[in-house]
S.K.: 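First the structure, which I've put down as structure tokens, then a few questions once you've had a look.
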Amino acid sequence: MQQLIEQGNFLSLSRTQPELFTSSIQFTLGNGTDVAIAAPGIIAFTPTAKTSINKHVVLSSGVHGNETAPIEICDELVQHILTNKLELSHRVLFLFGNLPAMDIAERFVEENMNRLFNGAHSKGEGCNNSERKRAKALEEAITDFFSVAASGDDKYHYDLHTAIRESKNEKFAVYPYLHGKAHSKSQLGFLAACGIQTILLSESETTTFSYSSSVQHQAHAFTVELGKVQPFGQNDMSRFEAAKQSITALICEDDFRPDVDIDSLDIYRVNQVINRHQNDFTLHFDDDTPNFTDYAKGTVLATETGATYTAQQDGEAIVFPNANVAIGQRALLTVVPTKLEKLSV
Ligand SMILES: O=C(O)CCC(=O)N[C@@H](CCC(=O)O)C(=O)O
Ligand SMILES: [Zn+2]
């Protein structure tokens with residue numbers, strides 16, 4: 001543990017010597033911050049010297065193993081907390097999602113982990129592979145972490161990703177379906193401070209990590225897309241500076257609440273969720289077509305035996321196209337511009 005406290009290399013040790021963390025470990029840093037390690041890649045910090053803790057923040061990265069920029073950002077934050085370069089004002093749980101997928105620089109090993117949350121890990125064939133077991137462990141870590149929040153405290157979960165393709169709107173966030181609850185203006189302010197001006201409103205239940213935290217814990221939860229997938233060490237970190245600074249402010253300042261002019265944001269709602277049902281599922285645009293490319297009504301976007309998927313409105317745009325997903329999984333979202341109707345503070 002001496003090496004961990006001196007170097008702060010929690011992610012590296014989790015990946016290279018996971019046996020160090022197979023039993024849970026607790027210790028306290030010199031500045032009074034309690035550290036609890038539940039498993040490799042799962043570390044929580046509680047700044048006990050603070051009397052006004054009212055935010056409980058979950059930062060997950062690497063749920064897809066090849067989405068490296070968020071992993072590098074969180075790795076650095078953890079290092080700075082462990083080595084006392086950063087002093088927290090609020091509780092933070094860091095989750096490094098798919099460690100084996102990071103090692104092979106792939107999105108996943110056997111199964112896309114971001115379709116296994118909200119209990120999906122234990123449905124169907126059951127919790128029978130390492131990604132299903134990890135999704136369950138990550139959910140349990142969040143349940144434990146939020147269980148000590150007092151009523152009225154704020155719970156947050158930012159699930160940090162990068163997209164496979166280029167994107168006309170480089171940074172964007174998926175706001176999980178809120179079942180009629182109002183969208184939060186202060187959360188949109190925080191995301192804007194991170195450089196995220198584009199928000200997709202999901203309109204259905206899913207098995208993503210952010211939806212799970214939103215519906216299970218009433219957390220302010222988002223899937224945050226910070227840029228494009230790059231190998232470890234090849235990210236232009238200057239493109240993530242605003243996100244890094246704002247996340248740091250959220251966890252280190254007593255009350256970081258940047259404001260935003262809602263009219264300056266690009267808000268979309270999901271219009272179609274197109275799943276792949278057949279082996280011959282084909283997208284009808286080039287592989288390098290960026291996210292948020294929009295089409296005229298009637299344009300054929302994808303086909304498969306028995307179905308043709310078209311733009312239903314002028315200006316309908318594509319997001320996350322991927323013809324290679326497993327049968328039954330989401331191969332394409334389409335989105336259309338919208339306005340936010342119900343906003344809370
Ligand atoms: O670029 C892509 O095709 C995928 C990027 C990514 O991993 N996106 C998330 C979004 C989750 C959500 O809809 O909230 C995913 O597909 O899991
Ligand atoms: Zn991802």
Side-chain angles (χ1 to χ4, degrees), residues 11-22 38-43 58-72 74-75 94-143 157 159-165 174 176 205-213 216 223-225 228-232 273-283 287 304 320-333:
L11 176 59
S12 162
L13 290 174
S14 294
R15 292 179 62 191
T16 56
Q17 298 180 59
E19 65 281 0
L20 290 176
F21 306 123
T22 40
I42 302 183
I43 187 165
V58 178
L59 294 168
S60 52
S61 61
V63 162
H64 294 130
N66 60 349
E67 298 179 5
T68 59
I71 302 169
E72 290 177 352
C74 291
D75 183 26
F94 288 91
L95 302 171
F96 296 95
N98 198 334
L99 302 172
M102 289 176 207
D103 293 342
I104 57 168
E106 293 286 351
R107 188 168 169 79
F108 55 85
V109 180
E110 284 185 68
E111 204 175 342
N112 181 354
M113 196 188 284
N114 209 19
R115 302 294 177 271
L116 294 174
F117 292 100
N118 202 26
H121 46 72
S122 301
K123 306 232 169 91
E125 69 244 44
C127 204
N128 62 357
N129 66 32
S130 58
E131 265 130 359
R132 286 174 172 249
K133 288 177 191 153
R134 183 66 169 174
K136 184 167 185 284
L138 296 175
E139 267 184 26
E140 286 168 358
I142 292 194
T143 301
H157 178 188
D159 184 30
L160 308 175
H161 290 247
T162 49
I164 296 168
R165 306 186 166 229
V174 179
E205 298 179 11
T206 62
T207 50
T208 61
F209 207 6
S210 61
Y211 176 76
S212 176
S213 293
Q216 298 293 336
T223 309
V224 179
E225 301 287 346
K228 186 173 179 299
V229 166
Q230 298 291 350
F232 279 116
V273 179
I274 297 171
N275 292 338
R276 177 186 186 190
H277 301 290
Q278 307 288 345
N279 284 327
D280 62 358
F281 185 95
T282 308
L283 294 166
D287 283 348
E304 60 183 344
F320 301 142
N322 187 349
N324 298 320
V325 295
I327 300 287
Q329 294 209 344
R330 181 176 89 191
L332 175 64
L333 285 182

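No experiment lies behind these values; they were computed from the predicted model shown.
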S.K.: What heavy-atom pair brings Gly65 and Ile71 nearest, and what distance separates the two atoms?
M.R.: O-CD1, 4.0 Å

S.K.: Please walk me through it: do Phe108 and Asn114 pass side-chain contact (heavy atoms from CB on, under 4.5 Å)?
M.R.: CA-CA 10 Å; Phe108 55 85; Asn114 209 19; over 6 Å; no

S.K.: Would you say Glu67 and Ser61 make side-chain contact, with heavy atoms under 4.5 Å?
M.R.: no

S.K.: Please round to the nearest 0.5 Å and tell me the distance separating atom CD1 of Ile43 and atom SG of Cys74.
M.R.: 12.0 Å

S.K.: Which heavy-atom pair separates Arg330 from Phe320 by the least distance, and what is that distance?
M.R.: NH2-CD1, 3.2 Å

S.K.: Between atom OG of Ser213 and atom CG of Asp159, what is the distance when rounded to the nearest 0.5 Å?
M.R.: 8.0 Å

S.K.: Working to the nearest 0.5 angstrom, can you tell me the gap between Gln329 CD and Asn112 CG?
M.R.: 5.5 Å

S.K.: Looking at Arg165 and Asp287, would you say the former's side chain and the latter's main chain have a donor-acceptor pair under 3.5 Å?
M.R.: yes

S.K.: With a 4.5 Å cut-off on side-chain heavy atoms, are Leu116 and Arg134 touching?
M.R.: no

S.K.: Is the shortest heavy-atom distance from the side chain of Ile142 to the side chain of Leu95 under 4.5 Å?
M.R.: yes

S.K.: Taking all non-hydrogen atoms of both residues into account, name the closest pair between Ala137 and Ile42 and its distance.
M.R.: O-CD1, 4.4 Å

S.K.: At what distance, to the nearest 0.5 angstrom, does CD of Glu72 lie from CZ of Phe232?
M.R.: 6.5 Å

S.K.: Are side-chain heavy atoms of Val174 and Ser210 found at a separation under 4.5 Å?
M.R.: no

S.K.: Begin with the C-alpha distance, continue with both residues' side-chain angles, and end with the deciding distance and a verdict on side-chain contact (heavy atoms from CB on, under 4.5 Å) for His161 and Thr223.
M.R.: CA-CA 7 Å; His161 290 247; Thr223 309; 3.6 Å; yes

S.K.: Rounded to the nearest 0.5 Å, how far apart are CZ of Phe96 and CG of Leu11?
M.R.: 5.0 Å

S.K.: May I ask you to say whether Glu304 pairs ionically with Arg276, meaning some side-chain N is under 4.0 Å from a carboxylate O?
M.R.: no

S.K.: Distance-only, no hydrogens or angles: does the Glu111 side chain make a donor-acceptor pair with backbone N or O of Glu131 under 3.5 Å?
M.R.: no

S.K.: For residues Ala323 and Leu283, report the shortest heavy-atom separation together with the two atoms involved.
M.R.: N-CD1, 3.8 Å

S.K.: Set out, in order, the CA-CA distance, both residues' side-chain angles and the distance that settles side-chain contact (heavy atoms from CB on, under 4.5 Å) for Leu138 and Ser60, then state yes or no.
M.R.: CA-CA 9 Å; Leu138 296 175; Ser60 52; over 6 Å; no

S.K.: Between His64 and Val229, is there a side-chain heavy-atom distance shorter than 4.5 Å?
M.R.: no

S.K.: If I compare all heavy atoms of Glu139 with all of Asn118, which pair ends up nearest, and what's the gap?
M.R.: OE2-N, 2.6 Å

S.K.: How far apart are the closest heavy atoms of Gly97 and Met102, and which atoms are they?
M.R.: N-CE, 4.2 Å

S.K.: So, do Thr207 and Arg115 sit near enough that their side-chain heavy atoms are less than 4.5 Å apart?
M.R.: yes

S.K.: Check whether any side-chain heavy atom of Thr143 lies under 4.5 Å from a side-chain heavy atom of Gln216, and answer yes or no.
M.R.: no

S.K.: Can you say whether the rings of Phe209 and Phe117 are parallel (under 30°), tilted (30 to 60°) or perpendicular (over 60°)?
M.R.: parallel

S.K.: Check whether any side-chain heavy atom of Gln230 lies under 4.5 Å from a side-chain heavy atom of Thr162, and answer yes or no.
M.R.: no

S.K.: With rounding to the nearest 0.5 angstrom, report the NE2 to CG distance, His157 to Leu160.
M.R.: 7.5 Å

